[in-house]
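What follows is one structure encoded as structure tokens, with my remarks underneath.
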2 protein chains.
Amino acid sequence: MENPSEETPARWESLPSWLLTQTANHAHRLVADGFSSVHARGYHYRLLATLEELGPASQAALGRRSGIHLSDMVATVNELADRKLVERAPDPSDRRRNIISLTAAGTRQLRRLEERLAERQDELLAPLSPEERLRLTDLLSRLLDHHNRRIDTPEEPWR
Amino acid sequence: MENPSEETPARWESLPSWLLTQTANHAHRLVADGFSSVHARGYHYRLLATLEELGPASQAALGRRSGIHLSDMVATVNELADRKLVERAPDPSDRRRNIISLTAAGTRQLRRLEERLAERQDELLAPLSPEERLRLTDLLSRLLDHHNRRIDTPEEPWR
DNA sequence: ACGAATCGTTGGGGGCACTAATGATTGTGA
DNA sequence: TCACAATCATTAGTGCCCCCAACGATTCGT
């Protein structure tokens, strides 16, 4: 029969979905590690970065741009606001909304997070040559684009 | 590492760690979706597949092989045993151990899960040509190998 | 025979993604 | 203009995967 010993690769271990999710686990571990060294996690970075990109905006707008679910936005803003990295103020022109804005401390924190993030990219791709890194990011970008489109799909089926 | 200049997507969206984790999210969604159509999740598949590969084995052995944490093994085995997909019996030769074995129904379930899994691989890689798929899996495999080695710490420095 | 290691189990936690329901507010169109 | 629809913030909860600490019971190594 087979080799019943230890180093045989399980069947699923060559499946693209497995390779992808497991490699992503490592990536996540690396990045989360860097983030945790400044007491942050992914959502914090995503929110701060989106805030810098958009400028002051409502939680809903930030959620749409950053991919953070509206209901997770609340806690994320709370956490950042507690640490004065972000400010939450009512929108006078639309009383349903809060306007979230970046503080100076928030900007500094964002810079730190970007540093940690950049450091880890190299660690993540360590075994690949520069050309291979480009190929990988290209392939992944295309996959991601494809699946994002399949999900966003603003409905237009009529006309 | 170039400057993507105009029409900047959010800065982080071109980072390898982002591409990887987000693509993995799509992969996970696809697969989990297939699994859930037969009332299963990733751990169930991994356990059943490992069980078929190893034959009856202890929970610890199955955990090591499948990458499922020992403490998660308990619940996973419980869930599968409740549905008679797996059997848990004491090991007479080592009373610390349980011997887990696959039932006929478990094998049938495994076949179903493998079907769902295979179906989704194609969906996942849809936008890529056959050559590109090979390149992607090759690159990912190398990344995964690299990071797995850095973590496993195979104990052998000793005699 | 002793301490060290292993096994199963319990009971947590963190992070990310997601759903449902609610009250408040704003918009829209008939 | 007024009823209805849509949006916003919030709360409360789920699911999945990964991980940690501690425990009693058992077996192993020396």
Side-chain angles (χ1 to χ4, degrees), chain A residues 17-18 20-36 39-47 57-64 66-79 81 86 88-100 147-148 151 155, chain B residues 17-18 20-36 39-47 57-79 81 88-100 147-148 151 155 158-159:
Chain A
S17 60
W18 174 261
L20 217 37
T21 53
Q22 291 311 297
T23 311
N25 272 351
H26 286 289
H28 181 265
R29 243 190 309 273
L30 283 171
V31 169
D33 226 58
F35 283 173
S36 80
H39 310 101
R41 55 195 177 89
Y43 279 8
H44 297 156
Y45 165 71
R46 278 157 70 176
L47 179 48
S58 71
Q59 296 180 191
L62 292 167
R64 280 188 296 267
S66 65
I68 297 176
H69 197 284
L70 199 49
S71 67
D72 293 317
M73 246 346 254
V74 181
T76 307
V77 171
N78 284 345
E79 289 158 11
V86 128
R88 186 194 256 126
D91 182 340
S93 78
D94 185 339
R95 291 185 316 198
R96 289 170 304 180
R97 291 184 176 137
N98 292 332
I99 295 183
I100 311 301
H147 292 288
N148 279 341
I151 278 200
E155 54 274 51
Chain B
S17 60
W18 174 261
L20 216 37
T21 53
Q22 291 309 297
T23 311
N25 270 352
H26 285 290
H28 181 265
R29 241 191 311 274
L30 284 171
V31 169
D33 226 59
F35 283 172
S36 81
H39 309 101
R41 54 194 177 91
Y43 279 8
H44 297 155
Y45 165 71
R46 278 157 71 176
L47 179 47
S58 72
Q59 296 180 193
L62 292 167
R64 279 188 297 264
R65 189 74 174 113
S66 65
I68 298 176
H69 196 285
L70 199 50
S71 68
D72 293 315
M73 246 346 255
V74 180
T76 307
V77 170
N78 284 345
E79 289 158 11
R88 187 194 254 126
D91 183 340
S93 79
D94 184 340
R95 291 183 319 197
R96 288 171 305 179
R97 291 185 176 136
N98 292 333
I99 294 184
I100 311 302
H147 291 288
N148 279 341
I151 277 200
E155 59 267 71
W158 226 37
R159 291 187 132 276

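Just so we're on the same page: letters track the sequence lines, and every chain starts at 1. Below, all heavy atoms of this structure are taken into account, side chains as well, without hydrogens, waters or symmetry copies.
Looking at B:Asn98, its side chain never comes within 3.5 Å of a backbone N or O of B:Ile100 through a donor-acceptor pair. Formation of a donor-acceptor pair under 3.5 Å by the B:His39 side chain with backbone atoms of B:Ser36 is not found in this model.
Contact annotation: the side chain of A:Val77 approaches that of A:Leu47 to within less than 4.5 Å [non-hydrogen atoms, C-beta and beyond]. Looking only at side-chain heavy atoms (C-beta outward), B:Tyr43 and B:His69 stay at 4.5 Å or farther from each other.
In this structure, CD1 of A:Ile100 is placed 13 Å from P of D:dC8, rounded to the nearest angstrom. Going from atom CG of A:Asp33 over to atom C1' of D:dC18 covers 14 Å, rounded to whole Å. In this entry the distance linking NE2 of A:His26 with P of D:dC18 reads 10 Å, nearest Å. Rounded to whole Å, the distance from CG on B:Asp94 to C1' on C:dA5 is 12 Å. The CZ atom of B:Arg64 sits 18 Å away from the P atom of D:dC18 (whole-angstrom rounding).
Note on B:Arg95: a side-chain N or O is less than 4.0 Å away from OP1 or OP2 of D:dT27.
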In B/S/- notation, 5' to 3', how is nucleotides 8-17 of chain C contacted by protein heavy atoms closer than 4.0 Å?
-> BBBB---SSB

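Donor-acceptor pairing under 3.5 Å is lacking for the side chains of A:Asn25 and B:His147. Looking only at atom types and distance, the side chain of A:Arg97 has no donor-acceptor partner in the side chain of A:Gln59 under 3.5 Å away.
Every residue two or more places apart in sequence or in another chain was checked for a salt bridge (charged side-chain N to carboxylate O under 4.0 Å, His left out) with A:Asp72, and none qualifies.
Shown here for B:Ala24 and A:Leu20, the closest heavy-atom pair between the two residues is CB-O, 3.7 Å.
Using five terminal pairs a side, the axes of the helix from C:dA1-D:dT30 to C:dA30-D:dT1 at its two ends make an angle of 20°, given in steps of 10 degrees.
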